[in-house]
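To start, the structure itself, in structure tokens.
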Amino acid sequence: QVQLVESGGGLVQAGGSLRLSCAASGLPFSVYVMGWFRQAPGKDRDFVTAIHWRGDNTYYADFVKGRFTISRDNAKNTVYLQMNSLKPEDTAVYYCAASFGLTRVTEAGTYNYWGQGTQVTVSS
């Protein structure tokens with residue numbers, strides 16, 4: 001059974017930092033693209049960042065470049081999202097996702113497995 005379990009969300013003041021974790025089980029981790037998406041109330045689920053299975057290729061949405069960093073630890077079957085310089089507009093539920101493919105990594109429909117999400121709230 002495939003499971004993606006996010007953790008690390010919470011409440012932080014603007015300018016602060018959080019590190020999200022996504023622990024994967026039940027899938028051959030090394031062959032997937034892992035991504036992070038976010039969804040604010042009343043809005044669509046937006047791509048945040050993704051990383052290829054070797055960790056050599058990363059992708060970022062423009063609105064997080066220079067502030068967020070994705071990384072992975074294949075030995076621990078875990079992907080991380082380090083979020084710095086957080087802004088109130090970063091408030092959302094953050095979802096981890098896994099894709100069989102290596103293309104269209106910014107599209108939610110590409111991903112085959114999703115976690116339950118973790119809430120990130122940034123106060124002004």
Side-chain angles (χ1 to χ4, degrees):
Q1 182 180 358
V2 174
Q3 278 194 316
L4 301 176
V5 180
E6 302 97 333
S7 61
L11 174 63
V12 65
Q13 288 188 333
S17 299
L18 284 173
R19 189 177 82 154
L20 305 184
S21 299
C22 173
S25 61
L27 54 78
F29 186 74
S30 62
V31 300
Y32 289 85
V33 167
M34 302 296 294
W36 287 96
F37 288 75
R38 71 185 189 185
Q39 188 167 20
K43 296 188 176 181
D44 293 334
R45 189 168 296 190
D46 291 330
F47 170 76
V48 176
T49 181
I51 188 167
H52 277 200
W53 68 276
R54 289 184 176 179
D56 293 337
N57 295 78
T58 56
Y59 307 85
Y60 292 95
D62 287 343
F63 55 79
V64 301
K65 283 182 180 178
R67 299 191 298 127
F68 291 9
T69 303
I70 190 171
S71 61
R72 64 191 290 157
D73 185 334
N74 283 24
K76 295 182 178 180
N77 281 1
T78 300
V79 64
Y80 303 98
L81 178 61
Q82 177 67 44
M83 305 187 295
N84 299 327
S85 302
L86 282 162
K87 305 175 182 180
E89 52 264 44
D90 294 319
T91 295
V93 177
Y94 283 71
Y95 296 91
C96 173
S99 171
F100 292 111
L102 296 176
T103 59
R104 299 190 298 166
V105 299
T106 64
E107 299 177 22
T110 298
Y111 290 78
N112 306 95
Y113 301 105
W114 292 85
Q116 83 288 350
T118 185
Q119 176 71 47
V120 171
T121 303
V122 184
S123 64
S124 58

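Using a 4.0 Å cut-off between charged nitrogen and carboxylate oxygen, D62 and K65 count as a salt-bridge pair.
Looking at L81, T118, T78, V79 one by one, the single match for side chain to side chain contact (heavy atoms under 4.5 Å, CB included) with C96 turns out to be V79.
The cluster map of Ile, Leu, Val, Met, Phe, Trp and Tyr, joined by side-chain heavy atoms under 4.5 Å apart, puts V48 and V5 in different clusters. The hydrophobic clustering, which links ILVMFWY residues whose side-chain heavy atoms are closer than 4.5 Å, places L11 and Y94 apart. Grouping the Ile, Leu, Val, Met, Phe, Trp and Tyr side chains by contacts below 4.5 angstrom, directly or via other members, places Y60 with L86. Hydrophobic clustering (side-chain heavy atoms under 4.5 Å, transitive across Ile, Leu, Val, Met, Phe, Trp, Tyr) groups I51 together with V2.
If you take CZ on F68 and OG1 on T58, they are separated by 14.5 Å, rounding to the nearest 0.5 Å.
Contact annotation: the side chain of Y80 approaches that of D73 to within less than 4.5 Å [non-hydrogen atoms, C-beta and beyond]. At a threshold of 4.5 Å between non-hydrogen side-chain atoms, the residues V33 and F100 do not count as touching. Using a 4.5 Å heavy-atom threshold, the side chains of W114 and R45 count as touching. The side-chain heavy atoms of W36 and C22, taken from C-beta on, include a pair separated by under 4.5 Å. Using a 4.5 Å heavy-atom threshold, the side chains of L20 and V120 count as touching.
Donor-acceptor pairing under 3.5 Å is recorded for the side chains of N84 and S17.
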- Could you check T69 against M83 for side-chain contact (heavy atoms from CB on, under 4.5 Å), going step by step and ending with a plain yes or no? CA-CA 7 Å; T69 303; M83 305 187 295; over 6 Å; no

- Task: Apply the test side-chain hydrogen bond (donor to acceptor under 3.5 Å, both in side chains) to residues H52 and Y59: give CA-CA distance (whole Å), side-chain angles for both, the deciding distance (0.1 Å), then the verdict.
- Result: CA-CA 9 Å; H52 277 200; Y59 307 85; 3.0 Å; yes

- I70 and R72: side-chain contact (heavy atoms from CB on, under 4.5 Å), yes or no, with the steps? CA-CA 7 Å; I70 190 171; R72 64 191 290 157; over 6 Å; no

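Closest approach of S99 and Y32 over heavy atoms only: O-CD2, 2.9 Å. When all heavy atoms of A92 and Q119 are compared, the closest pair comes out as O-NE2, 3.4 Å. Between S124 and A14, the shortest heavy-atom distance links the atoms CA-CB, 4.4 Å. Smallest separation of non-hydrogen atoms from E6 and G115: OE2-CA, 3.2 Å.
A donor-acceptor pair is defined here as one N or O able to donate and one able to accept, closer than 3.5 Å; such a pair exists between the side chain of T91 and the backbone of V122. Between the side chain of R67 and the backbone N or O of S85 there is at least one donor-acceptor pair closer than 3.5 Å.
Annotation: cation-pi geometry not satisfied between R38 and Y95 (NZ/CZ under 6.0 angstrom from ring centroid, within 45° of ring axis).
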